Structures are given as C-alpha cells and as structure tokens.
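A short worksheet on the structure shown next.
Per chain, numbering begins at 1; letters A, B, ... match sequence-line order. None of the values given here were measured: they were computed from a predicted structure.
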Number of protein chains: 2
Amino acid sequence: MDRHDLKKAGLKATLPRIRILNILEQSEKRHVSAEDVYRALLDAGEEVGLATVYRVLTQFETAGLVERHNFEGGQAVFELYEGKHHDHIVCNQCGYIEEFVDQTIEKHQHTVAKKAGFDITDHSLIIYGDCTRAKCPHYEG
Amino acid sequence: MDRHDLKKAGLKATLPRIRILNILEQSEKRHVSAEDVYRALLDAGEEVGLATVYRVLTQFETAGLVERHNFEGGQAVFELYEGKHHDHIVCNQCGYIEEFVDQTIEKHQHTVAKKAGFDITDHSLIIYGDCTRAKCPHYEG
DNA sequence: CAGGTAATGCAAAAGCTTCTCATCATATCG
DNA sequence: CGATATGATGAGAAGCTTTTGCATTACCTG
Ligand SMILES: [Mn+2]
Ligand SMILES: [Mn+2]
Ligand SMILES: [Zn+2]
Ligand SMILES: [Zn+2]
C-alpha cells in the first residue's frame with residue numbers, strides 16, 4: 001500500500017495519509033482506534049492532528065481501504081480491508097480478538113434476511129467470551 | 001411489571017424507576033434510546049432527570065430487566081428483556097427493526113467459540129439491509 | 001411518622017468524534 | 001520547474017452521548 005493505492009482510491013497522496021496507512025500496516029495490533037493511530041504517530045515523531053486521523057480513517061473507510069467496527073466500549077476500531085469478509089470473537093477479559101468465517105452462519109443470514117423481506121447489505125457478528133490463553137488475566141487452567 | 005418486580009431485582013421502588021418501566025412497556029417502538037425514554041417522560045409531564053434515565057436503564061440492564069444494544073449510530077438502545085434471546089435485522093433506510101432467532105446460527109457460534117478456545121458468554125448479531133415495506137422511504141416495488 | 005440510607009436532579013465534566021477556518025501542501029499546467 | 005488552483009491539514013471549538021459529584025429528597029424499616 002503506497003501513494004499509488006491512495007491515488008487509485010481518488011485521494012491525494014498526502015504525507016498524513018501515507019503515514020496513517022503505514023501505521024495500519026505495521027501495527028502490532030490489527031484492530032486499532034483512532035487514538036491508537038494518533039499515539040503511534042506521535043511516538044514515531046510524526047506531527048499529525050487527531051482531527052486528521054479521524055478524517056482520513058473515514059475517507060479510507062469510504063474508499064474501501066479500511067473497515068470500521070463498533071465493538072463494545074464506545075470507541076470505534078479500524079483495520080485494513082484485505083478483500084475478504086470476516087467476523088470477530090472478542091475476549092471480555094483481555095480484549096484479544098480472533099477473526100473467523102463460518103459459511104453456514106453467512107448463508108443462514110441471507111435466509112433470515114430473505115424471510116424478513118430485507119435486501120441484505122451487511123452484517124455485524126461479534127462473539128464475546130473469555131479466552132483461554134496463558135496471557136489472559138482471568139485465565140486459570 | 002411493577003414495584004414488585006423492582007424489589008425482586010433488588011431495586012427500591014422509586015417513582016422514576018416505575019415510570020421508566022412503564023415507558024418501556026407502553027412504548028410504540030420496542031427499541032428505545034435513553035433520549036427517547038426521557039422525551040416520553042417529558043411528554044407525559046413527568047419530571048425525571050436525564051441522568052436518572054441513564055442511571056436507571058443501566059441498573060435495569062444489570063438486574064436483567066432490559067437489554068442494551070449498540071446498533072450503528074452511536075446511540076445505545078434498550079428493550080425489555082422477555083426471557084428469550086433474539087437477534088436483530090435493521091433497515092438502513094427507515095430504521096425499522098425486526099427480531100429473529102436462527103438455531104443453526106446460534107449453534108455454529110458455539111462451535112466457532114470452542115474452536116477458537118473461548119468460553120462464549122454472549123454475542124451480538126445485527127443484519128443490515130433495505131426493508132421492502134411500503135412505508136419505507138427507499139422502497140420502490 | 002422519624003431516621004437512616006439510598007436515589008434523584010442539576011450542573012459540570014468526561015469521552016469520543018466532527019466541524020470551522022486560516023494556513024499549507026499537492027497536483028497540474030504552462 | 002515555478003505559479004496557481006484546489007484540496008488537505010492543524011488547532012481548537014463545538015457536538016453528542018454518557019457519566020459523575022454533590023446537595024437535596026424520597027423510600028423503607030421499625
Ligand atoms: Mn478483523
Ligand atoms: Mn429486540
Ligand atoms: Zn483474554
Ligand atoms: Zn425500511
């Protein structure tokens with residue numbers, strides 16, 4: 001992802017946009033808030049305003065470069081869109097996020113929509129639970 | 001639902017709480033925001049503070065009397081909990097909400113959680129689409 | 001119905017996101 | 001390559017939803 005992809009998306013290849021794209025690509029965490037991106041820029045010594053981060057992320061979303069998710073907790077999170085849909089399972093304890101696709105669930109959603117008389121455009125499926133990773137604060141055996 | 005149910009939930013039967021419960025029961029719309037509840041109270045000539053509405057709705061949620069949903073749009077919505085789980089399909093155009101349960105989807109969520117090593121506690125499934133009701137602004141045949 | 005405790009109302013504050021507007025960078029074209 | 005027009009940025013103010021602090025008031029118990 002570089003200035004070329006921005007141009008293709010109809011966006012001027014400005015320094016802030018290139019930098020934000022880099023943050024999204026190089027981030028340890030795949031799902032990051034606007035604040036996360038902003039702090040990462042500050043840590044890297046880049047001067048980008050928080051308002052710009054919000055603006056650019058929204059533009060990226062509109063352009064189909066990133067996806068926005070509203071997990072519980074008020075703060076929206078963003079991730080690069082890689083061309084394939086997936087859903088999320090989130091740990092209540094440590095916030096760890098795993099991605100998944102279940103074809104049966106996907107298919108049944110369409111059935112449900114049809115039965116309800118809706119032309120389905122999208123969906124959001126988030127499973128919440130307690131993960132069993134050693135790292136997780138609440139995990140004991 | 002009356003003062004008795006409040007007591008059983010460990011909540012004092014105060015006037016604001018009784019009134020809010022009534023609003024939730026008698027509301028035209030099943031899924032209402034805190035603002036919706038607040039305005040309904042004002043319209044009924046009841047003097048209840050907005051902060052109290054938020055506090056009480058959160059207490060009701062904790063007590064298992066209502067459920068909170070975070071649909072797109074920033075504002076949380078609440079509905080009375082009737083003892084049975086369901087998911088939602090929401091119209092992008094008019095906001096109309098239909099409820100559904102799909103046992104296959106429910107079952108597969110547990111499978112997914114197990115495979116990911118999570119003890120599932122909850123989930124949120126929201127399907128978005130365009131409804132085909134005559135009432136709907138975008139619906140044309 | 002008096003006393004203790006919990007709930008309320010108001011206003012202030014918090015948290016997240018968007019907007020305004022003067023300034024600045026980018027793309028384009030000569 | 002430099003001038004110009006256009007669009008983007010940064011800083012702060014503002015918006016919207018939700019929470020909090022605190023003095024006052026209502027509920028429950030006895
Ligand atoms: Mn993801
Ligand atoms: Mn519902
Ligand atoms: Zn965890
Ligand atoms: Zn509709």
Side-chain angles (χ1 to χ4, degrees), chain A residues 2-23 31-63 65-78 95, chain B residues 2-23 31-42 44-63 65-79 95:
Chain A
D2 59 348
R3 47 193 315 120
H4 246 227
D5 301 277
L6 290 172
K7 294 256 183 72
K8 268 186 279 183
L11 299 168
K12 263 198 205 171
T14 64
L15 232 42
R17 299 216 257 236
I18 291 165
R19 284 166 172 164
I20 291 170
L21 215 41
N22 285 341
I23 295 291
H31 307 87
V32 292
S33 68
E35 271 290 326
D36 289 337
V37 172
Y38 178 61
R39 280 203 310 275
L41 289 165
L42 291 191
D43 290 354
E46 320 278 17
E47 303 239 320
V48 177
L50 180 56
T52 299
V53 173
Y54 274 103
R55 261 187 308 238
V56 167
L57 287 172
T58 300
Q59 292 157 350
F60 284 3
E61 183 191 17
T62 303
L65 296 177
V66 311
E67 282 188 331
R68 179 196 306 255
H69 305 295
N70 294 295
F71 298 157
E72 286 185 356
Q75 214 159 188
V77 297
F78 301 82
Chain B
D2 58 348
R3 48 194 313 120
H4 245 227
D5 300 277
L6 289 172
K7 294 256 184 71
K8 267 185 278 182
L11 298 168
K12 260 197 208 173
T14 64
L15 230 41
R17 300 216 258 236
I18 291 165
R19 284 166 172 164
I20 291 171
L21 214 43
N22 286 342
I23 295 290
H31 306 88
V32 293
S33 67
E35 270 291 324
D36 289 338
V37 172
Y38 179 61
R39 279 203 311 277
L41 288 166
L42 290 192
E46 321 278 16
E47 304 238 320
V48 178
L50 180 56
T52 299
V53 173
Y54 274 103
R55 264 187 305 239
V56 167
L57 287 173
T58 299
Q59 292 157 349
F60 282 4
E61 183 192 16
T62 302
L65 297 177
V66 310
E67 281 187 331
R68 178 196 307 254
H69 306 294
N70 293 295
F71 298 157
E72 286 185 356
Q75 216 159 186
V77 298
F78 301 81
E79 68 175 318

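- One can place CD1 of A/Ile18 at 12 Å from C1' of C/dA25, the figure rounded to the nearest angstrom.
- Put simply, OH on A/Tyr54 is 18 Å from C1' on C/dT20, counting in whole angstrom units.
- Phosphate proximity of D/dG7 to A/Thr14: absent, as no side-chain N or O sits under 4.0 Å from OP1 or OP2.
- Taking a 6.0 Å sphere around CD of B/Glu35, one finds it holds more than 12 heavy atoms contributed by other residues, nucleotides or ligands.
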Check: Passes side chain to side chain contact (heavy atoms under 4.5 Å, CB included), A/Leu6 versus A/Leu65? Steps please.
Finding: CA-CA 9 Å; A/Leu6 290 172; A/Leu65 296 177; 4.3 Å; yes
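- Among the heavy atoms of the strands, none lies under 4.0 Å from B/Arg68.
- A straight line from CZ of B/Arg39 to P of D/dC16 spans 13 Å, rounded to a whole angstrom.
- Mapping B/Lys12 and B/Val53 onto DNA chain C by nearest heavy atom places B/Lys12 closer to the 5' end of the strand.
- Counting to the nearest Å, the P atom of C/dC24 and the CZ atom of A/Arg17 are 19 Å from each other.
- Each of A/Lys7 and B/Leu15 was assigned the nucleotide of DNA chain C with the nearest heavy atom; the assignment lying further toward the 5' end belongs to B/Leu15.
- If you take CZ of B/Arg19 and P of C/dG9, they are 8 Å apart, rounded to a whole angstrom.
- Distance A/Leu50 CG to C/dC19 C1': 13 Å, rounded to the nearest Å.
- Comparing B/Thr58 and B/Pro16 by the nucleotide of DNA chain D that holds the closest heavy atom to each, the one mapping nearer the 5' end is B/Thr58.
- The separation between A/Tyr38 atom OH and C/dC16 atom C1' is 14 Å, rounded to whole Å.
- For A/Val48 against A/Tyr38, the heavy-atom pair with the smallest separation is O-CE1, 3.1 Å.
- With hydrogens and angles ignored, no donor-acceptor pair under 3.5 angstrom links the side chain of A/Arg55 to the base of D/dG7.
- Nucleic acid contact for B/Ala13: sugar-phosphate only, since backbone atoms but no base atoms lie under 4.0 Å from a heavy atom of the residue.
- For C/dA25, neither phosphate oxygen OP1 nor OP2 lies less than 4.0 angstrom from any side-chain nitrogen or oxygen of A/Arg3.
- Distances were taken from every side-chain heavy atom of A/Thr52 (C-beta onward) to each of C/dT18, D/dG10, D/dA8; the shortest belongs to D/dG10.
- Per the geometry, CD belonging to A/Glu61 stands 14 Å off C1' belonging to C/dT18, to the nearest Å.
- Taking each heavy atom of A/Leu41 and A/Val53 in turn, the nearest pair found is CD1-CG2, 3.9 Å.
- When the nucleotides D/dC27, D/dA11, D/dT19 are ranked by their closest atom to the side chain of A/Ala51, D/dA11 comes out on top.
- No side-chain donor-acceptor contact under 3.5 Å links B/Arg55 and B/Thr58.
- Residue-level contact check: A/Glu47 touches the backbone only, with heavy atoms under 4.0 Å from sugar-phosphate atoms and none from bases.
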